[in-house]
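Here, residue 1 is the first one in the sequence, and each next residue gets the next number. Only a predicted model underlies this, so the values are computations on that prediction, with no experimental measurement involved.
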Amino acid sequence: MSAKIKYTDEPLGDVKVVRDFLPPPEQLAFREEGIKVTLALSKKSVEFFKSEAAKHHTQYQRMIRRLIDAYVESYDLPPLTSRSTQTARKRAAG
């Protein structure tokens, strides 16, 4: 690992610009408000999350919460406008 990297002035080839997808620091600093719920899960599911949490040195409740948050993010669509609601109703009717 002591070999030095020698940089040369070569063409880079095809370059692809990647969209900045990281949230700004102020979005990382706050904690989202939580709400306590009572939820009955299968024994198999809880055992799975406890096992995985132990492997990754985290809390199983946190893993479940992040899973649910990821699900919500993937399905959190912008609200329909009145026009798009009317169009959707017309399509459903017929």
Side-chain angles (χ1 to χ4, degrees):
M1 288 281 188
S2 62
K4 294 199 174 200
I5 297 173
K6 183 177 179 182
Y7 294 98
T8 60
D9 191 16
E10 299 289 325
L12 297 176
D14 292 335
V15 177
K16 180 180 177 186
V17 176
V18 178
R19 182 180 65 86
D20 183 10
F21 59 91
L22 296 174
E26 59 270 11
Q27 287 184 356
L28 299 174
F30 81 97
R31 278 186 83 160
E32 195 167 336
E33 182 181 356
I35 182 170
K36 297 261 183 192
V37 297
T38 301
L39 177 65
L41 300 173
S42 69
K43 184 176 180 179
K44 180 179 176 180
S45 294
V46 174
E47 288 174 354
F48 169 80
F49 280 103
K50 283 184 176 183
S51 172
E52 289 300 310
K55 290 179 192 175
H56 300 286
H57 308 289
T58 189
Q59 300 170 346
Y60 77 96
Q61 298 98 329
R62 183 175 292 157
M63 290 182 71
I64 295 170
R65 184 171 47 250
R66 287 181 179 164
L67 173 68
I68 294 170
D69 287 345
Y71 180 88
V72 170
E73 286 294 321
S74 71
Y75 285 97
D76 191 21
L77 302 175
L80 295 174
T81 63
S82 61
R83 173 177 254 176
S84 60
T85 303
Q86 291 169 1
T87 304
R89 285 184 185 151
K90 286 179 185 176
R91 286 184 186 157

Q. Transitive ILVMFWY cluster of V37 at side-chain heavy atoms under 4.5 Å: who else is in it?
A. none
Q.
Please enumerate all residues that pass side-chain contact (heavy atoms from CB on, under 4.5 Å) together with R66, with sequence neighbours excluded.
A. R62
(Q) Under the rule for side-chain hydrogen bond (donor to acceptor under 3.5 Å, both in side chains), what residues qualify as partners of E52, not counting sequence neighbours? (A) K55
Q. Any side chain to side chain donor-acceptor pair (under 3.5 Å) pairs touching residues 35-44, not counting sequence neighbours?
A. S42-S45
Q | Residues in side-chain contact (heavy atoms from CB on, under 4.5 Å) contact with A53, at least two apart in sequence or another chain | A | T58, Y60, M63
Q. Between atom CD of Q61 and atom NZ of K50, what is the distance when rounded to the nearest 0.5 Å?
A. 8.0 Å
Q.
List the residues meeting side-chain hydrogen bond (donor to acceptor under 3.5 Å, both in side chains) with S51, not counting sequence neighbours, and say none if there are none.
A. none
Q: Compare all side-chain heavy atoms of I64 with those of L39 and state whether any distance is below 4.5 angstrom.
A: no
Q: Please list, chain by chain and in numerical order, all residues satisfying ring pair (Phe, Tyr, Trp, His ring centres under 6.0 Å) with Y75, sequence neighbours excluded.
A: Y71
Please list every donor-acceptor pair under 3.5 Å in which a side-chain atom of residues 13-20 meets a protein atom from a residue at least two apart or in another chain.
| residue | atom | partner | partner atom | Å |
| --- | --- | --- | --- | --- |
| D20 | OD1 | L22 | N | 3.3 |

Q. Can you name the side-chain contact (heavy atoms from CB on, under 4.5 Å) partners of L67, sequence neighbours left out?
A. F49
